[in-house]
Number of protein chains: 2
Amino acid sequence: MHSPAELATQFRSMGRKLTPQRQLIFSLLHNNETHPTAENLYGIASAQMPGISLRTVYQTLNELAEMGELQLIDLGEGGMRFDPNVDDHHHAVCSSCGKIRDVHVKGAAALKPNDASDFMVSDVGVVFRGKCSDCESRAVKRSPVLQAKVSKK
Amino acid sequence: MHSPAELATQFRSMGRKLTPQRQLIFSLLHNNETHPTAENLYGIASAQMPGISLRTVYQTLNELAEMGELQLIDLGEGGMRFDPNVDDHHHAVCSSCGKIRDVHVKGAAALKPNDASDFMVSDVGVVFRGKCSDCESRAVKRSPVLQAKVSKK
DNA sequence: TGTTAGTTAGCAAGACTTGCAAATTAGAAC
DNA sequence: GTTCTAATTTGCAAGTCTTGCTAACTAACA
Ligand SMILES: [Mn+2]
Ligand SMILES: [Mn+2]
Ligand SMILES: [Zn+2]
Ligand SMILES: [Zn+2]
């Protein structure tokens, strides 16, 4: 995603207005690597601008997505995620805490459907599922069995 | 997914009943490579068994998923897909017609997050987006520009 | 300062899925 | 075949996420 300032210019050049609500949302997304839901952003936005509506958050997010400034990610948890990082990258999802982390995958772009040679690929997405380091270490601390294994080292 | 007969045995051994509704759904899923939604299956089921409820379809699908007989796929189109193929495979999604095709991907299992070496990967999923051969040829037939290119050959 | 096209907020409604409880029934026991 | 009962099915209400609609509001420009 471009910087808030650049987005401002871009919006104005499209005959759109630069409202405080939009500016706030731009700033909340800038360098945001948490892959927030609309509700997440609404919660944070509300703290800084009481009265802002969830509807406006959705609206602005959809506009940014249409402009290609935002990537929509749906990992099947009943809620869309918004990713201001539109560079080529992939995701690792923790099945314990749900956190989504950006990852780069060497060779991902070269992947091809083994069969289906007639399918015209325009995009490849890789999703890793597993446990993030936080959840992994927490699991070890709490598991008697693993505790034993760990203490043997 | 196991065969309808095997599923029947499995259900009975769990103290569950073998209802006509379940049998029908088993048969509709058997060798089904269309990645149907619950609504899809409900439509087909209704034709053969008027009166079957969408609720029952969902219920049976969830049971099968819990038993590991079914894979749940969410590709962010506002509806879960059900896949009786639980072998290691991936998917190619046509952005025109929405069809989902099974694909095998050489080297997918070997993919690793380039960064995030602390993430414990338990599963890797690859999704190709693009155009299926049907939609691709249809696009060519209808595009004057591409028509020209094609006829030059 | 006035004008107005674009925007926001609030609520209703749509799409998909699940919770619930009454009615039904498969499977077992007699 | 009849009876019994725990499991299942249905139909509808409700939950979650997202969008449609529109009256009220306001940024931008003259
Ligand atoms: Mn990302
Ligand atoms: Mn599949
Ligand atoms: Zn985690
Ligand atoms: Zn297609």
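Not measured: the values here are computed from a predicted model. Below, chain A is the first sequence line, B the second, and so on; all start at residue 1.
- Legend: ring-ring contact (aromatic ring centres under 6.0 Å, His included) pairs involving residues 43-73 of chain A, not counting sequence neighbours: none detected.
- Within residues 33-40 of chain A, no residue has any heavy atom under 4.0 Å from DNA chain D.
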Result block: side-chain N/O donor-acceptor pairs under 3.5 angstrom for residues 11-19 of chain B, not counting sequence neighbours:
unit_1	atom_1	unit_2	atom_2	d
S13(B)	OG	Q10(B)	O	2.8
T19(B)	OG1	R22(B)	N	3.1

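- Taken residue by residue, residues 76-83 of chain B places no heavy atom nearer than 4.0 Å to DNA chain D.
- Take H30(B) and apply the side chain to side chain donor-acceptor pair (under 3.5 Å) test, not counting sequence neighbours, and it matches no residue.
- Residues in residues 73-106 of chain A take part in these ring-ring contact (aromatic ring centres under 6.0 Å, His included) pairs, two or more places apart or across chains: H35(A)-H91(A), H89(A)-H91(A).
- Cluster partners of L111(A), by chain and number: V103(A), V105(A), F119(A), V121(A), V124(A), V126(A), F128(A), V103(B), V105(B), L111(B), F119(B), V121(B), V124(B), V126(B), F128(B). The rule joins Ile, Leu, Val, Met, Phe, Trp and Tyr whenever side-chain heavy atoms lie under 4.5 Å apart.
- Listed by residue number, G51(A), I52(A), S53(A), R55(A), T56(A), Q59(A) are the residues of residues 50-72 of chain A with a heavy-atom contact under 4.0 Å to DNA chain C.
- The side chain to side chain donor-acceptor pair (under 3.5 Å) test applied to R101(A) returns D118(B), not counting sequence neighbours.
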Whether each nucleotide of nucleotides 22-30 of chain D has a protein heavy atom under 4.0 Å at its base (B), only at its sugar-phosphate (S) or at neither (-) is summarised, 5' to 3', as ----BBS--
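- Among residues at least two apart or in separate chains, salt bridge (Lys or Arg N to Asp or Glu O under 4.0 Å) pairs with a member in residues 67-82 of chain A are E77(A)-R81(A).
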Which donor-acceptor pairs under 3.5 Å do side chains of residues 49-57 of chain B form with protein atoms, sequence neighbours excluded?
unit_1	atom_1	unit_2	atom_2	d
S53(B)	OG	R55(B)	N	3.4
S53(B)	OG	T56(B)	N	3.1
S53(B)	OG	T56(B)	OG1	3.0
R55(B)	NH1	Q59(B)	OE1	3.1

